[in-house]
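The block underneath contains the structure these notes are about, expressed in structure tokens.
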Amino acid sequence: MSLSEQQAAGLSAETMVVAAGRPPRERDQPVNPPLVLSSTYYGTGPLGPGDRGYGRYSNPTWDPFEEALGQLEGADLQGLLYASGLAAVSSALSLIPSGGVLVMPNHSYSGTLVMAAELAQKGFIELRTVDIADTGAVKAAIAPGGPDARAAAMLWLESPTNPMLGIADIPALTEAAHASGAIVVTDNTFSTPLVQQPLALGSDVVLHSVTKYLAGHSDVVLGALVTSNADIRSALLHHRTIHGAIAGPFEAWLALRGLRTLALRVEKSQESAKVLAERLGTHPGVESIRFPGLRTDPGHERAAAQMKGFGSIICIQVAPAGGLDGAAAADKVVEAVNLWLPATSLGGVESLIERRRRHTAEPATVPENLVRLSTGIENVEDLWADLEQALDTLGG
Ligand SMILES: *Cc1c(COP(=O)(O)O)cnc(C)c1O
């Protein structure tokens, strides 16, 4: 819209979130893109690729966000917005040819896992789930030995995984996948393009639940895909148009408004998460902790090599206490907070806390006493005081 690719290439990401996706600098143009509420557009004669046509094909309110996200992920092409993160997952999975093999982390986001499992159950794809941190096992699943073994058509990556915070070696795995002819999709929801750039690490497609950090205010549900491959993009665009999982223009407008503060929000919440993780790690109510920013975390070195920062999601397992098992103790902590919000989702300005196994769809391999913390932008001492008093209700 306003920034040429050349201009964009020279600007830092924290500038881009503010500067990208603006209307042209012409006298009396608004500085913010307008919200366009129209299901159709004037036109006669044959529809060409440049035509807007109909509200399911395109909407001017999608463009600035899609353009900004494409530039932030370092893509050559505009991104694609969807009605939700899972709508984007559905579109990405449609790239697998009939009966093709999908290799996916066994601790991907639960909705993604359910969708893949249902496709496999119907015989549309073959699903191989793997521990994504185990590079050898993932490579073996992508290209198993033996004459009858079929190589993967798609490698799905999520790193860090939700909620187990497993870290994939993205460059090594994308290289192995490409060597076998598989395309690689990376769910970058936890990291945002400011923290991790999967296209630069070798992925073909990047996925976001825009609902989370990108929009950042827990007031919209949206998803997005980004790629630099024109054939992949046109297949995805066709899928979005025909399957109809399009973004509402008001949500798209809110997402761009949220994106403007992404750099500030990510910086603040990452800093606070590091402080909180260090303190949580020594609290007697915490049995174990996963946060890639801790030196002791099994994913620390890998995360340090491919991320700028470590995100702001922390997972703890709550220790059994006072006759309560771990799950009951975890519930007690979540019920005892006053500032943290006991609610699902993540990536908003407000800090959220949840025992994940309250969802029946969460894999049984996620421990019952696991509590996921999404660190927001509140004062870190206020956040700590609230967590500490909640953990202290277990009676050290
Ligand atoms: C929330 C989430 C999704 C699904 O996105 P929705 O916007 O809820 O449909 C996908 N992947 C990850 C990592 C998520 O956290």
Side-chain angles (χ1 to χ4, degrees), residues 85-86 105-114 132-133 158-167 187-192 195 208-209 211-213 216 218 265-266 269-270 272-281 283 285-294 297-299 303 307 309-319 326-337 339-378 380 383-384 386-388 390-391 394:
L86 273 188
N106 56 10
H107 284 129
S108 289
Y109 173 69
S110 58
T112 305
L113 278 172
V114 169
I132 208 65
E158 190 179 307
S159 182
T161 55
N162 181 3
M164 296 295 276
L165 300 177
I167 306 287
D187 185 334
N188 204 29
T189 299
F190 268 35
S191 296
T192 84
V195 175
H208 284 281
S209 170
T211 314
K212 315 290 171 53
Y213 291 97
S218 303
R265 290 186 283 107
V266 164
S269 62
Q270 284 203 138
S272 297
K274 206 149 183 272
V275 172
L276 296 174
E278 272 156 17
R279 295 184 191 175
L280 283 166
H283 194 286
V286 175
E287 186 179 81
S288 68
I289 181 164
R290 283 300 307 262
F291 178 68
L294 293 173
D297 191 87
M307 295 167 74
F310 300 99
S312 45
I313 306 293
I314 304 165
C315 285
I316 57 171
Q317 286 179 245
V318 178
D331 279 336
K332 190 171 178 192
V333 170
V334 171
E335 282 159 19
V337 292
L339 175 60
W340 289 74
L341 274 64
T344 197
S345 198
L346 57 102
V349 290
E350 60 288 290
S351 296
L352 298 175
I353 182 168
E354 182 181 43
R355 186 174 74 85
R356 283 300 295 175
R357 286 289 297 281
R358 68 189 275 260
H359 298 272
T360 50
E362 197 73 354
T365 47
V366 173
E368 282 278 10
N369 62 342
L370 182 136
V371 170
R372 187 183 68 193
L373 300 155
S374 169
T375 313
I377 64 168
E378 303 93 333
V380 66
L383 289 175
W384 172 246
D386 190 38
L387 276 184
E388 190 179 36
L391 284 163
L394 301 174

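Side chain to side chain, S110 and H359 fail the donor-acceptor criterion of an N or O pair below 3.5 Å. In summary, the side chains of E350 and S218 do present a donor paired with an acceptor at a separation below 3.5 Å, with no hydrogens or angles considered.
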Given the rule in the side-chain contact (heavy atoms from CB on, under 4.5 Å) test, do L280 and L373 qualify, once you have shown the distances and angles that lead to the verdict? CA-CA 11 Å; L280 283 166; L373 300 155; 3.6 Å; yes
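Residues S191 and P160 are in side-chain contact: their nearest non-hydrogen atoms beyond the backbone lie under 4.5 Å apart. Residues M164 and N106 have side chains not in contact (no heavy-atom distance under 4.5 Å, counting atoms from C-beta outward). L294 places a side-chain heavy atom less than 4.5 Å from the side chain of I289. Looking at I132 and E158, their side chains never come closer than 4.5 Å, going by heavy atoms from C-beta outward. Considering only heavy atoms from C-beta on, S108 stays 4.5 Å or farther from D187 through its side chain. Taking 4.5 Å as the limit, some side-chain heavy atom of L394 sits within range of a side-chain heavy atom of V318.
Of the possible polar contacts, one joining the R290 side chain to the L165 backbone as a donor-acceptor pair under 3.5 Å is found. Formation of a donor-acceptor pair under 3.5 Å by the Q317 side chain with backbone atoms of L370 is not found in this model. Panel note: side chain R357, backbone N369; no donor-acceptor pair is recorded below 3.5 Å.
Listed by chain and residue number, nothing satisfies the salt bridge (charged side-chain N to carboxylate O under 4.0 Å, His left out) test with R265 (two or more places apart in sequence, or in another chain). Every salt bridge (charged side-chain N to carboxylate O under 4.0 Å, His left out) that R356 has, sequence neighbours left out, goes to E354, E362. Listed by chain and number, the residues in a salt bridge (charged side-chain N to carboxylate O under 4.0 Å, His left out) with E287 amount to none (sequence neighbours excluded).
Partner of Y109 under the side-chain contact (heavy atoms from CB on, under 4.5 Å) criterion, out of V114, N162, T161: N162 alone.
Shortest non-hydrogen contact noted between R372 and S345 is NH2-O, 3.3 Å. The shortest non-hydrogen separation linking F291 to F310 is CE1-O, 3.9 Å. Of all non-hydrogen atoms in S159 and I167, the two that sit nearest each other are OG-CA, 3.5 Å. T189 approaches Y213 most closely through the heavy-atom pair O-CD1, 3.4 Å. Contact between T375 and A273 at its shortest, heavy atoms only, is OG1-CB, 3.6 Å. Shown here for G309 and V195, the closest heavy-atom pair between the two residues is O-CG1, 4.0 Å.
A distance of 11.0 Å separates CD1 of I314 from CZ of R279, quoted to the nearest 0.5 Å. With values rounded to the nearest 0.5 angstrom, T344 atom OG1 is found 12.5 Å from I353 atom CD1. Once rounded to the nearest 0.5 Å, the distance linking CG of L276 with OG of S269 reads 10.5 Å. Atom CZ in R355 sits 5.0 Å away from atom CD in E368 (nearest 0.5 Å). Atom CG of residue L346 and atom OG of residue S374 lie 5.0 Å apart, to the nearest 0.5 angstrom. Atoms OG1 and CG, on T112 and L86 in that order, are 5.5 Å from each other to the nearest 0.5 Å.
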